[in-house]
Amino acid sequence: MGQLSLEHITKEFGDGENHVVAVDDLNIDIEDGEFLILVGPSGCGKSTTLRMIAGLEPPTKGDIVLNGTPVTQRKPKDRNMAMVFQSYALYPHMTARENMSFGLKMTTEMPAKEIDERVKNASRLMGIEDLLEKKPGELSGGQQQRVALGRAIVRDPEVFLMDEPLSNLDAKLRTTMRTELQDLQQDLDVTTIYVTHDQTEAMTMGDRIAILNDGELQQIGTPAECYQEPANQFVAGFIGSPSMNFFDTTLGDGALSTDDFTVTLPESVKAELSGHDSEFVLGIRPEEILSGDEAVDHPDSFSIEVNVVEPLGDVTYLYTEFGGSEVTISVDRNTEINPGDQVTVALPAAEIHVFDRDTGNALVTQAKPTGEEYQTDEMTASETTEA
Amino acid sequence: MGQLSLEHITKEFGDGENHVVAVDDLNIDIEDGEFLILVGPSGCGKSTTLRMIAGLEPPTKGDIVLNGTPVTQRKPKDRNMAMVFQSYALYPHMTARENMSFGLKMTTEMPAKEIDERVKNASRLMGIEDLLEKKPGELSGGQQQRVALGRAIVRDPEVFLMDEPLSNLDAKLRTTMRTELQDLQQDLDVTTIYVTHDQTEAMTMGDRIAILNDGELQQIGTPAECYQEPANQFVAGFIGSPSMNFFDTTLGDGALSTDDFTVTLPESVKAELSGHDSEFVLGIRPEEILSGDEAVDHPDSFSIEVNVVEPLGDVTYLYTEFGGSEVTISVDRNTEINPGDQVTVALPAAEIHVFDRDTGNALVTQAKPTGEEYQTDEMTASETTEA
Amino acid sequence: MSGRHDTIFEEPDTTQGRIERLGAHAYLFVIALLTAGPYLLMVSISLMGNGWSPVVPPKLIPEAMSLQNYIAVWAGQTALLDQPFSGFFINSLIYAMGATLIVLVVDTLAGYAFARLEFAGRDIGFLAVIATLMISPMILFVPLYTWFNQFGLVNTRIGVILPHTFTGFGVFLMRQFIKTLPSDLEDAALIDGCSRFGVFWRVVIPMMKPALVTLGIITFITVWNSFLWPLVLARDSALYNLPVALGFFQGRTSTLWAPLMAATAITLVPMVILFISMQKYYVRGFTIGGIKG
Amino acid sequence: TGGGSGNDGGGTDSNGDGTTTGGSDDVTTIEIWRWPHSTEPSNTGEDEIVELFNEGPGAEQGIHVEQVKNPFGDHQTKVKTAIGSKSAPDIAWTFTQQYYDFAGKDRSTIEEEAPYVYIDDYVSDDWLGDFYEKELSNQRTKFGGVVGAPFISGLQPGLLYLNVDAWEAAGLGEVPTDSWSYEEYLEAVEAIHGVEANGSMVNGVGIGLKDATGSEWSNFPGTIGVTAGSLIGNGYQRQDDKYVLTMASDPELEAWNEMFGKPLANGWTNNPLSYDYLETQEPFIGGQIGLLHHATFSRVQFGQEADFNWEIVPYPTKGGNENYSVFSAGAGVLVTMTAFKEEVGGNPEAAAEFIKFRNNARNQYRWFNTSSQAIPNKGSYELMNSEGVSDFVEQTGGKDIMARADAAYSEYQSVREAIKSRYPDIKTTSGGAPVTDVPSGIASGRVGEALGGMLQRLAQNGNSNPQEAFTQAEGQWADLIVQADDTEFAEESRGYNKPEPKAGPI
Amino acid sequence: MTSDSEQESAIYASERSDTRSFSLDSLSLSQQEFIEGWLFVLPKIAILLFVIGFPMAFGIYLSFTESTLLNLPGEFVGLENYQWLVNYPVWWTSVKNVLIMSAVKIPTNIFFSFTAALLLREKLKGSNLYRIAFIVPVAGPPVIWAIVWRLMLFSNEGGIANAILLELGAISQYIPFLTNVTYALPSVIMSQIWSFGLSMLIYMAALSGLPSSVMESASMDGANKYQKVRYIIWPLMKPTTLFLVVIQLIEVTKVGFASVFVMTGGGPLNSTMVPSFLVYELAFRYNEFGHASAVAVGMFLITAFIALVLYKPLQSNAEYYQ
Ligand SMILES: Nc1ncnc2c1ncn2[C@@H]1O[C@H](COP(=O)(O)OP(=O)(O)OP(=O)(O)O)[C@@H](O)[C@H]1O
Ligand SMILES: Nc1ncnc2c1ncn2[C@@H]1O[C@H](COP(=O)(O)OP(=O)(O)OP(=O)(O)O)[C@@H](O)[C@H]1O
Ligand SMILES: [Mg+2]
Ligand SMILES: [Mg+2]
């Protein structure tokens with residue numbers, strides 16, 4: 001039971017010069033058991049949102065509704081939520097066991113035995129049974145993280161709130177913990193709101209992603225939706241690594257073009273763009289740009305000089321410049337290209353995204369990934385709010 | 001002119017309980033103009049090595065030879081090297097200009113005019129001409145990094161030493177700076193030793209990589225060599241992301257096998273392994289594991305259950321468990337696999353690495369990447385030292 | 001980030017919150033009365049006629065306020081003291097500034113070496129410096145006086161200043177502070193061609209401004225408040241500092257309370273102002289020195 | 001110029017010991033250390049004489065005097081530090097016995113060991129002749145000579161200060177003018193206690209007992225015994241050089257009980273442990289004390305600061321016998337100017353020149369006119385009589401006090417004879433003075449500890465069992481004498497009323 | 001290393017030294033660091049040796065001699081003074097008094113400073129005034145604190161405090177605060193416990209370093225006000241508390257001197273005697289420098305012992321602050 005709604009939540013800080021609208025009229029419905037990811041650039045209001053849900057910060061406006069009951073005025077302890085902090089926020093003077101049992105001791109009359117039982121279960125789940133008598137200072141980052149999670153689990157809350165819980169871990173550990181966390185959430189089936197600014201976490205962990213910018217919701221949807229059908233240029237640039245390449249293009253002759261290249265548009269796209277000005281932002285992901293043999297046959301192909309080649313082992317990135325932008329191209333790891341080489345590339349019309357140059361709103365997106373084939377999908381206008 | 005040799009360099013710290021051998025009998029020859037990357041896990045002695053080269057730390061044993069002259073007892077300033085620090089180490093009370101000219105003022109009798117000229121050139125090269133009058137506190141991380149590089153360049157040293165110079169930057173900026181640094185080094189053609197623990201940097205930036213572990217050199221070679229022909233299990237596991245998968249296998253019937261799978265070995269490999277015990281560690285990279293249609297036809301194919309699916313956008317990782325190990329498999333981004341699905345996989349014999357279970361030394365490596373084809377390459381024993 | 005759950009009380013606009021705040025005020029007020037009350041009394045007495053004496057019941061509030069005691073004290077026109085207090089004030093300033101200057105230079109140098117350099121004898125040297133924190137000055141009076149006398153240091157300003165400079169506190173503080181600084185900058189400067197002293201002077205010192213302020217303030221206040229060393233080493237009352245000069249108002253047969261209170265205020269007020277305005281630095285001295293050891 | 005005189009106060013001469021010989025015209029600068037007087041114009045008078053010296057005899061002899069003033073409370077610390085480190089001033093105001101333990105030592109030993117010189121080596125008998133014999137013979141019996149030039153009378157001629165307003169408020173009628181009895185005194189103390197006068201609540205009698213170790217307290221119990229017929233005080237030295245202690249005896253105890261013991265027991269005192277002897281002035285000035293046993297110099301301050309009518313009344317004595325009042329009562333302590341030896345940093349020759357000047361009859365008289373303090377110089381008293389006194393002295397009644405002091409001094413001879421007749425085994429000096437000093441000086445700071453402790457204990461417990469306290473304290477004192485290297489104790493005098501006190505009129 | 005390169009480096013070194021008047025370049029790096037290190041600490045060590053090296057040695061030597069004011073140093077008597085010390089009841093009184101002072105002063109100081117810091121953290125109106133009120137006593141010389149409190153408790157019939165209490169009807173009779181063996185030590189201590197301002201500031205600094213997420217965690221975990229203070233804040237302040245305890249243990253002896261010097265002179269009946277004042281008294285009242293030195297050395301040993309004993313736990317608790 002953890003159906004959560006944010007209704008027109010707004011949070012403002014300070015007055016006068018210092019006035020900040022940290023969160024701006026946010027509406028989100030989160031299903032019971034859903035794993036929602038909150039992403040966005042630094043300062044966009046992710047933590048503030050989470051803290052309002054937790055009751056650590058009163059909203060300026062709006063309501064937080066848990067299972068149909070507004071809880072906006074309740075104290076944190078009366079909301080039955082548990083929070084995992086970026087810094088873990090373990091009590092440094094207590095052992096892992098004491099950390100985990102503290103909440104139960106404070107809020108319930110539960111007999112010591114039962115608390116013990118619960119702590120034991122949670123620690124078994126987290127694989128930290130051997131660490132229960134240690135203090136946080138004696139634990140590694142990953143172990144601390146597990147204790148922090150254990151502390152949240154033990155209370156059996158209706159909602160988990162997690163604020164960048166993995167960001168203090170090193171890369172390898174992060175990967176491990178990421179999968180563990182996912183497994184855990186699936187096992188426990190507790191509504192979870194998870195703040196991160198890590199691409200991988202955002203793409204892989206949750207049921208849905210909510211992307212915030214400047215306190216406003218940009219898009220909410222499954223990872224695939226957000227990747228393939230970004231609602232606007234912000235989302236398109238934010239989701240995906242390396243970032244989508246953008247070009248300022250002009251529409252003319254049924255094609256979007258820059259000085260360097262032309263993308264001939266299929267009819268459906270042309271139709272979509274009619275009624276707008278002739279200036280558009282064209283976006284294409286690094287892995288959708290055709291290069292080498294694949295490109296040669298393409299009618300819109302053109303040639304560029306590669307500045308830098310980055311073989312990462314499993315994939316190789318080419319860095320170059322055309323159409324007035326710095327461009328990243330992702331190619332097969334076995335490609336033999338050297339800096340300074342001339343390479344033929346093409347931007348397949350089927351893979352492009354088109355954005356309104358003024359509002360940044362998506363006009364054309366790629367509802368389904370199409371692999372290497374040149375075929376035109378139907379355009380899906382994004383479903384959500386605009387920036 | 002920057003031919004540098006480390007001759008039996010050893011560094012020990014502390015005594016008694018605190019005794020640490022930070023660097024252990026290290027021998028490396030670095031060519032003039034070479035870009036050498038130093039990698040290894042935290043605490044393996046990378047910084048210590050660099051600091052000994054710079055003269056900031058006297059070696060316990062061994063010699064540092066620059067262009068044929070031992071410089072081991074020379075003060076840092078008399079070695080004509082420049083160092084770029086992870087923290088940038090810009091003088092916070094000096095402007096960018098002062099930061100850059102400081103070294104010249106201290107070490108040379110150069111007239112102010114000439115210093116000015118040099119600073120101007122270096123800042124043009126780094127694109128920071130407009131920032132010269134600012135203090136580090138007023139600069140962004142990337143700008144500071146550029147100033148730090150400018151400071152190193154301006155002195156026109158024989159050797160650049162860089163200790164994780166990019167690690168404090170955020171991911172995007174890091175990518176940009178990485179390419180810039182590479183370009184710069186190629187332009188200046190100055191011998192460079194570059195410490196990092198970032199996979200991408202290690203794989204892309206240098207002419208050669210030296211991998212350290214516990215103060216000992218594990219392997220030195222080009223990125224491709226280290227990736228394809230790791231000298232031992234440590235290197236194999238360290239280089240490449242996600243890491244190589246390892247299995248404890250037993251040799252029998254011309255095949256390496258675990259409870260879950262069997263890899264039938266070609267003759268050449270069998271020959272290579274004869275004369276050893278029957279226990280081997282088999283290694284295979286996530287992207288070399290065949291899955292789905294590719295695997296079905298393979299004689300050694302078997303079926304597994306996928307635990308976690310991580311679509312990263314450009315590539316998707318499957319996490320599973322077989323052969324007694326947790327295994328990562330890299331599949332095409334368009335694969336439609338869900339957690340819990342049964343997937344057919346195969347470990348192509350042509351792509352496997354085999355290691356001695358006791359010493360960890362490589363017995364079979366993959367000298368050349370072979371893409372998707374099932375063909376047997378010749379085995380190349382690694383050329384370098386052992387752990 | 002500090003939300004409201006960082007603190008303990010309820011929001012001030014709730015009843016509960018109001019009660020909590022009222023209780024806190026009551027508690028704090030009572031203690032404040034006990035800490036500062038006597039000083040308010042001191043000021044009050046200093047503003048009364050110079051014949052104030054502790055009659056029963058005591059007069060605590062001046063009928064007519066007057067600065068006559070301050071003027072008399074400052075100008076040196078009281079029965080027990082014919083020297084102007086301004087002179088002691090200047091002495092106090094000179095001692096405090098002189099000692100502060102020496103301590104800053106010497107302790108920073110030593111603190112740097114103890115923090116950063118590896119040299120034989122370092123640990124012994126450091127221990128010796130730290131041990132000075134436990135010395136009681138009483139027993140050193142006569143030997144130190146004898147010793148200083150041989151060098152003509154008795155009854156000189158430098159002689160009064162010197163005993164305030166041996167304490168190891170500053171070295172300890174500076175060492176701890178320098179240890180918190182990244183050593184990269186110093187390495188960079190070494191590579192850039194600085195000598196060891198160059199590194200110290202051009203790189204370390206500019207970074208240490210906050211610590212220097214801290215040590216400066218602590219030393220200044222300590223020396224200003226110093227009583228025993230100036231008492232012994234200044235033979236001539238022309239060299240007394242303020243705390244010693246306060247003794248003049250307690251004569252052989254009676255205490256001139258009102259002038260004494262005025263003199264006390266003159267001694268105290270500058271330190272209170274300094275302390276309050278610099279408390280951040282002052283406190284940092286103890287947190288760096290103590291906790292982050 | 002003299003070394004140091006050119007300095008702007010930034011330290012004196014390079015020797016640091018205060019004495020410099022040199023400079024182009026061979027001027028010796030000497031330092032005199034003193035504490036400031038708490039009343040004016042005494043300080044001005046002091047300065048004037050120094051100036052006179054520097055311009056007159058000083059200039060002629062190439063001696064320049066500089067005064068250094070120390071806060072009274074710190075004076076002793078400073079002088080001792082200086083002595084200990086062999087850089088004493090040339091002259092200091094001292095209570096001589098605090099700087100050296102002379103007990104049981106003969107002059108040659110003292111000459112060798114003590115930090116100060118015998119001033120009688122430097123002055124003529126003629127010069128000394130101007131002083132009252134008592135002060136000199138006192139020193140001679142202790143030191144075998146004169147070590148400090150007396151300049152404030154150590155003889156306190158039975159001064160009892162009375163808060164007249166309180167007396168009247170208590171309805172006690174006439175202020176006593178003649179010697180009165182213990183009974184009358186106690187009645188007055190009781191009557192005064194608790195009355196309100198001038199807005200102050202008044203306590204019966206003032207008594208200062210703080211500070212167990214103060215050397216004053218070794219005098220305190222013994223000196224009031226005179227009023228009960230003991231003429232000796234704490235004890236004396238026998239002809240066989242052994243010391244006899246008489247403190248634990250009927251007259252001493254009786255005097256103590258009447259003067260202080262009963263008021264203490266009845267709570268008719270102020271808070272005795274709040275003050276030491278000197279500090280009891282303050283509550284008297286504040287009007288909170290009805291009767292105060294105190295010294296002559298207090299008078300000047302009372303005159304300047306007290307806001308009520310006060311008077312000096314005669315001492316109460318056993319049976320009202322007026323004879324007892326003339327000698328000492330109250331803890332008189334002689335202040336002297338002491339010149340320090342060269343070994344500890346002094347310059348006694350030059351110092352003596354100044355002392356001769358400062359303390360000659362003429363200048364003592366001069367200073368008397370500005371301080372109104374009783375002085376131990378009969379030459380000065382003659383000048384007062386022949387040349388008159390200043391208005392200040394007139395106003396503060398200094399002349400009357402001086403007259404009383406003179407009378408007391410002149411009766412000293414007869415008291416001396418009485419003592420000798422009562423204690424035939426008492427040792428006398430070559431000058432015929434009975435030796436009534438027992439060791440109570442320095443190493444016997446511990447004597448102060450014993451006696452002060454006793455007094456504090458009695459004050460603390462409401463004067464319970466004073467006889468035992470006196471006996472015990474005397475025993476402690478005796479032990480100290482026994483332990484000391486140079487002194488012998490007459491064991492047969494240990495205990496209460498040993499030796500048998502022989503009281504009676506002079 | 002080949003002899004060629006040896007030569008070269010020697011040439012290199014001499015080249016460098018030619019251009020300078022003085023060079024350490026011919027020494028190895030660690031030799032150079034040795035010289036540099038000592039040069040840096042030289043001024044401090046020099047001051048230390050000069051200012052107290054001799055006096056300290058002399059003072060310690062005095063404790064083994066029978067010395068008086070005029071006989072410095074006197075005859076060597078070995079451990080006699082220490083024997084004397086052990087048997088000297090006043091010494092033990094003074095030690096006992098310091099222990100009592102610490103036992104009362106330190107907990108109250110901790111209590112007042114902690115509670116005040118905690119309350120001031122709530123950003124009450126007038127916080128700054130309170131803060132100033134609490135700081136005034138610690139800003140000035142201890143002598144002033146003692147003088148002011150002497151006036152409160154001491155001069156005049158029982159002091160101003162008595163007058164006020166009487167006026168308020170809180171007492172019916174004067175309390176002899178400083179003059180009664182029962183009250184004197186408590187009064188002296190009482191006058192000192194108000195000087196908690198510095199501790200308060202240190203607590204405030206420590207509290208401001210308290211990670212807010214931990215406090216918020218406690219909120220989420222459902223701890224109420226009292227529980228937050230009891231279970232979270234107070235335990236987290238442990239290193240600070242320990243640090244303050246150590247500072248004050250060392251400080252008690254110093255502050256004790258001023259109070260006793262000004263307020264009671266150690267009396268009545270030695271009931272307020274403290275070691276530092278005992279040193280003073282022995283040396284400057286009794287002229288017993290040998291005994292005084294022994295007391296001083298005893299004091300030094302006690303202080304050093306305390307510091308040593310408490311140094312370890314202090315250090316090991318520093319980890320909370322990472
Ligand atoms: N207590 C506060 N007072 C004033 N402004 C605040 C406060 N808390 C947050 N803000 C402001 O609100 C905005 C949103 O902050 P928030 O911490 O929610 O960002 P975030 O998305 O969590 O960023 P990050 O990724 O850096 O953690 C920022 O502009 C921040 O400066
Ligand atoms: N000054 C020192 N004193 C004692 N031990 C040291 C010192 N400097 C380094 N070490 C130890 O030497 C080893 C190597 O340290 P080093 O800093 O070279 O590692 P690193 O490879 O640079 O690690 P990282 O990737 O974390 O920077 C470590 O065990 C370290 O603790
Ligand atoms: Mg955040
Ligand atoms: Mg490193």
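Every chain is numbered from 1, with letters handed out A, B, ... down the list of sequences.
Side chain of E:Trp38 to backbone of C:Ala120: a donor-acceptor contact under 3.5 angstrom is found. Using a distance-only test at 3.5 Å, with no hydrogens or angles considered, a donor-acceptor pair links the side chain of C:Arg116 to the main chain of C:Ile178.
Here NZ of E:Lys225 is found 11.0 Å from CD of E:Gln227. Values are rounded to the nearest 0.5 Å. Interatomic distance, OG of E:Ser113 versus CG of E:Leu120, reported as 11.0 Å (0.5 Å rounding). Atom CZ of residue E:Phe257 and atom CG of residue E:Leu278 lie 11.0 Å apart, to the nearest 0.5 angstrom. Between C:Phe220 atom CZ and C:Leu274 atom CG the span is 6.5 Å, to the nearest 0.5 Å. For the atom pair CH2 (C:Trp147) and CG (C:Leu140), the distance works out to 13.0 Å, reported to the nearest 0.5 Å. The line from OG of E:Ser127 to CZ of E:Arg121 is 12.5 Å long, rounded to the nearest 0.5 Å.
Residue contact with chain C, scored on non-hydrogen atoms closer than 4.5 Å, involves the backbone and the side chain of E:Leu201 alike. Residue contact with chain C, scored on non-hydrogen atoms closer than 4.5 Å, involves the backbone and the side chain of E:Ile132 alike. Interface residue C:Ile45: only side-chain heavy atoms are found under 4.5 Å from chain E. For E:Tyr130, the part lying under 4.5 angstrom from a heavy atom of chain C is the side chain only. Interface remark: E:Leu166 contributes no atoms to any contact with chain C (heavy atom separation under 4.5 Å). In this structure, the portion of C:Val171 lying under 4.5 Å from any heavy atom of chain E is its side chain and not its backbone. The contact between C:Leu28 and chain E is made by backbone and side chain atoms together, counting heavy-atom distances below 4.5 Å. When heavy atoms are compared at a cutoff of 4.5 Å, C:Leu228 approaches chain E solely by way of its side chain, counted from C-beta outward. Looking at E:Val138, the atoms closer than 4.5 Å to chain C (heavy atoms on both sides) sit in the backbone and in the side chain alike. The contact between C:Phe148 and chain E is made entirely by side chain atoms (from C-beta outward), counting heavy-atom distances below 4.5 Å. With a threshold of 4.5 angstrom between heavy atoms, C:Leu34 approaches chain E through its backbone and through its side chain. With a 4.5 angstrom heavy-atom cutoff, C:Leu242 does not touch chain E via any of its atoms. Heavy atoms closer than 4.5 Å to chain E are found in the side chain of C:Phe227, but not in its backbone. Heavy atoms of C:Phe126 lying under 4.5 Å from chain E are absent altogether. With a 4.5 angstrom heavy-atom cutoff, E:Leu198 touches chain C only via side-chain atoms. Contacts between C:Leu33 and chain E at a heavy-atom distance below 4.5 Å are absent for every atom of the residue. Interface residue C:Leu260: only side-chain heavy atoms are found under 4.5 Å from chain E. Both the backbone and the side chain of C:Phe166 have a heavy atom closer than 4.5 Å to some heavy atom of chain E. C:Ser195 does not touch chain E: none of its heavy atoms, backbone or side chain, sits under 4.5 Å away. If you measure heavy-atom distances from E:Val143 to chain C, the contacts under 4.5 Å come from the side chain alone. Proximity to chain C (any heavy atom under 4.5 Å) is shown, for E:Ile302, by neither the backbone nor the side chain. Looking at C:Thr264, the atoms closer than 4.5 Å to chain E (heavy atoms on both sides) sit in the backbone and in the side chain alike.
If you tally non-hydrogen atom pairs under 4.5 Å between each of E:Ile52, E:Thr115, E:Ile60 and chain C, the highest count goes to E:Ile52. Chain E forms the most heavy-atom pairs under 4.5 Å with one residue out of C:Leu117, C:Asn225, C:Asp107, and that residue is C:Asn225. Of the listed residues C:Ile221, C:Leu41, C:Ile31, C:Val105, the one with more heavy-atom pairs under 4.5 angstrom with chain E than any other is C:Ile31. Across C:Tyr39, C:Tyr27, C:Phe275, the residue that shares the most heavy-atom pairs under 4.5 angstrom with chain E is C:Tyr39.
Aromatic ring centres of E:Trp194 and E:Phe112 lie closer together than 6.0 Å. Taking the ring centroids of E:Phe196 and E:Tyr203, they lie at or beyond the 6.0 Å cut-off.
No side-chain donor from either of E:Lys44 and C:Thr165 sits under 3.5 Å from a side-chain acceptor of the other. Between C:Glu20 and C:Gln16, the side chains place a donor N or O and an acceptor N or O closer than 3.5 Å (distance only, hydrogens not considered). For the 3.5 Å distance criterion, the side chains of C:His164 and C:Thr222 fail to qualify, holding no donor opposite an acceptor. At a cut-off of 3.5 Å, with distance as the only test, a side-chain donor of C:Gln279 or E:Arg131 sits close to an acceptor on the other residue.
Each of E:Tyr280, E:Trp145, E:Phe284 was checked for a ring-ring contact (aromatic ring centres under 6.0 Å, His included) with E:Phe261, and the lone residue meeting it is E:Tyr280.
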